[in-house]
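Presented below is the structure to which this report refers.
Note that the structure is predicted; figures quoted are calculated from it, not measured. Here is how names work: the chains are called A, B, and so on, in the same order as the sequence lines, proteins then strands, and each is numbered from 1.
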Number of protein chains: 2
Amino acid sequence: MAQSSTVVQGDAQDIVDCDLAHEIEFLAVKAAANGTRRANQMLAPLGLKVRHYAVLSLACSSISPSQRMLADFLDLDPSQVVALVDELESRGLVRRVVDKKDRRTKVIRGTSRGEELCEKAAALTREAEEISLGPLSEAQREALRQILRSLVFGASEA
Amino acid sequence: MAQSSTVVQGDAQDIVDCDLAHEIEFLAVKAAANGTRRANQMLAPLGLKVRHYAVLSLACSSISPSQRMLADFLDLDPSQVVALVDELESRGLVRRVVDKKDRRTKVIRGTSRGEELCEKAAALTREAEEISLGPLSEAQREALRQILRSLVFGASEA
DNA sequence: TTCAACTGTTGTCGATTTCAATCATTACGA
DNA sequence: TCGTAATGATTGAAATCGACAACAGTTGAA
């Protein structure tokens with residue numbers, strides 16, 4: 001794309017060619033921020049944010065995560081997990097179950113209402129992802145998913 | 001008592017197989033957070049965070065960004081840009097230059113000291129990226145960069 | 001001229017992050 | 001065994017970041 005003789009003062013057109021706009025770190029932050037913003041406003045009608053959905057999703061999965069596991073996996077401070085679980089529990093979406101093998105740890109389980117809401121939230125999240133990933137082909141999305149997984153979790157194969 | 005062959009208590013081994021760990025949105029946030037954290041502690045000796053580096057980098061580029069452009073491009077509130085530029089200006093790294101064509105806008109330009117520090121910061125950022133992207137091959141990194149660029153700059157709407 | 005729109009700036013309020021301290025429980029070593 | 005360290009959850013406070021409204025100065029257009 002030859003810009004030729006356009007004498008336009010630095011517009012948003014050529015800012016995407018600067019060094020910064022080629023750094024993966026910068027691009028990842030921007031993409032993640034866009035996706036989170038979109039997902040948040042998509043989940044708003046359910047009174048949830050992506051954070052709540054993350055906890056709810058794990059609570060409703062076959063995994064029985066302790067709050068410590070949630071903090072580690074979601075990169076949250078334990079106190080933040082307390083607040084999140086408090087909120088979800090007060091809405092009757094999850095409950096704390098003390099582990100019989102270690103009475104210090106509390107396992108978070110989704111209730112039936114929690115699972116019901118989780119499914120709706122998952123649908124909305126998929127919809128948000130569908131919009132956010134609009135300009136990407138299906139092959140690109142799968143490649144992105146795989147690269148991100150090996151980046152986040154280390155070596156992983158399909 | 002343990003009921004028959006109940007599934008093994010969820011460890012960190014199988015949490016990476018849950019639905020959430022396959023959502024691109026979730027993975028992107030995690031990857032971006034990891035990268036930002038690493039870059040921040042890499043830039044710490046220079047008294048900079050990635051935010052400051054982003055502004056400094058753009059100020060030192062051939063683009064002469066106004067604060068408005070910085071806010072738009074970096075997804076920041078204009079008031080946040082004021083604070084960032086204030087800090088960098090007080091350290092003699094950038095300066096505000098009023099645009100003669102439009103005296104409302106102030107163009108941010110890096111000083112010689114700013115450019116000097118920006119080069120060091122760029123080197124450290126590349127080093128941080130090198131570490132963060134460790135498990136990825138060169139081809140994967142290039143693919144990731146390309147996909148992220150088309151995702152971020154490909155189609156913009158509000 | 002007059003008014004609307006825009007840029008930078010300040011201030012504020014709520015959310016989020018981070019850290020230290022505490023209680024209950026478990027694990028380990030003398 | 002006892003005593004001490006370590007861990008999980010919880011609370012609370014401090015620091016930081018985010019979004020938002022209001023304002024002054026400037027520009028552009030009717």
Side-chain angles (χ1 to χ4, degrees), chain A residues 9-12 29-30 32-34 36-41 43-44 47-55 58-59 64-90 94-109, chain B residues 9-12 29-30 32-34 36-37 40-41 43-44 47-52 54-55 58-59 64-90 94-109 158:
Chain A
Q9 190 78 335
D11 246 5
V29 168
K30 213 164 159 59
N34 285 340
T36 298
R37 184 168 41 82
R38 182 123 33 190
N40 270 334
Q41 65 189 21
L43 289 175
L48 295 176
K49 293 186 179 180
V50 283
R51 239 172 262 162
H52 305 92
Y53 167 64
V55 172
L58 290 171
S64 294
S66 66
Q67 296 186 195
R68 174 69 177 174
M69 288 174 62
L70 291 174
D72 287 342
F73 191 61
L74 300 178
D75 289 321
L76 294 173
D77 192 82
S79 60
Q80 293 177 281
V81 176
V82 170
L84 284 170
V85 173
D86 277 350
E87 196 170 339
L88 294 176
E89 192 178 36
S90 71
V94 303
R95 64 183 181 210
R96 290 179 227 242
V97 180
V98 288
D99 189 351
K100 291 166 185 169
K101 301 172 185 172
D102 186 343
R103 298 216 306 271
R104 289 173 300 184
T105 80
K106 298 180 181 177
V107 166
I108 309 303
R109 291 240 174 94
Chain B
Q9 195 72 328
D11 246 6
V29 168
K30 212 163 160 59
N34 285 340
T36 298
R37 183 167 41 82
N40 271 333
Q41 65 188 21
L43 289 175
L48 294 176
K49 293 186 179 180
V50 284
R51 292 263 166 88
H52 305 91
V55 172
L58 289 171
S64 294
S66 66
Q67 297 187 193
R68 174 68 176 174
M69 288 174 61
L70 291 173
D72 287 342
F73 190 62
L74 300 177
D75 287 320
L76 294 173
D77 192 83
S79 61
Q80 294 177 282
V81 177
V82 171
L84 284 170
V85 173
D86 277 351
E87 196 170 339
L88 294 177
E89 192 177 37
S90 72
V94 304
R95 65 182 177 202
R96 291 178 227 242
V97 180
V98 287
D99 189 351
K100 290 166 185 169
K101 301 173 186 173
D102 186 344
R103 298 216 309 269
R104 289 173 301 182
T105 80
K106 299 180 180 176
V107 167
I108 308 303
R109 296 190 56 186

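- The shortest side-chain heavy-atom distance between Ser64(A) and Arg109(A) falls under the 4.5 Å cut-off.
- Residues Asn34(A) and Arg37(A) have side chains that bring a donor and an acceptor to within less than 3.5 angstrom of each other.
- Atom-to-atom, CG of Asp99(B) to P of dC6(C) comes out at 17 Å; the value is rounded to the nearest Å.
- Going from atom CG of Leu76(B) over to atom P of dT7(C) covers 16 Å, rounded to whole Å.
- Considering all non-hydrogen atoms of both residues, Arg51(A) and Leu76(A) come closest at CD-CD2, 4.0 Å.
- The interatomic distance linking Arg37(B) (CZ) with dT17(C) (P) rounds to 14 Å, in whole Å.
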Could you walk me through whether Leu58(B) and Leu74(B) pass the side-chain contact (heavy atoms from CB on, under 4.5 Å) check? CA-CA 10 Å; Leu58(B) 289 171; Leu74(B) 300 177; 4.2 Å; yes

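- We find that Lys101(B) and Asp99(B) are not joined by a salt bridge, their nearest charged nitrogen and carboxylate oxygen being 4.0 Å or further apart.
- Between the Asp77(A) side chain and the Ala71(A) main chain, no donor and acceptor come within less than 3.5 Å of each other.
- Comparing Lys100(A) and Arg51(A) along DNA chain C, the residue whose closest nucleotide (by nearest heavy atom) sits nearer the 5' end is Arg51(A).
- First and last contacts of DNA chain D with chain B, using any nucleotide atom under 4.0 Å from a protein heavy atom and ordered 5' to 3', fall at dC17(D) to dT27(D).
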For nucleotides 8-11 of chain C, tabulate all protein N/O to nucleotide N/O atom pairs closer than 3.5 Å, reporting atom names and distance.
from: dG8(C); atom 1: OP1; to: Gln67(B); atom 2: N; distance (Å): 3.0
from: dG8(C); atom 1: OP1; to: Lys106(B); atom 2: N; distance (Å): 3.2
from: dG8(C); atom 1: OP1; to: Lys106(B); atom 2: O; distance (Å): 3.4
from: dG8(C); atom 1: OP2; to: Arg68(B); atom 2: N; distance (Å): 2.6
from: dG8(C); atom 1: O3'; to: Lys106(B); atom 2: NZ; distance (Å): 3.4
from: dT9(C); atom 1: OP1; to: Arg96(B); atom 2: NH1; distance (Å): 3.1
from: dT9(C); atom 1: OP1; to: Lys106(B); atom 2: NZ; distance (Å): 2.9
from: dT9(C); atom 1: OP2; to: Gln67(B); atom 2: OE1; distance (Å): 2.9
from: dT9(C); atom 1: OP2; to: Gln67(B); atom 2: NE2; distance (Å): 2.8
from: dT9(C); atom 1: OP2; to: Arg96(B); atom 2: NH1; distance (Å): 2.5

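- Around CZ of Arg96(B), the count of heavy atoms belonging to other residues, nucleotides or ligands within 6.0 Å exceeds 12.
- Contact check for Val81(A) versus Val55(A): no side-chain heavy atoms found under the 4.5 Å cut-off.
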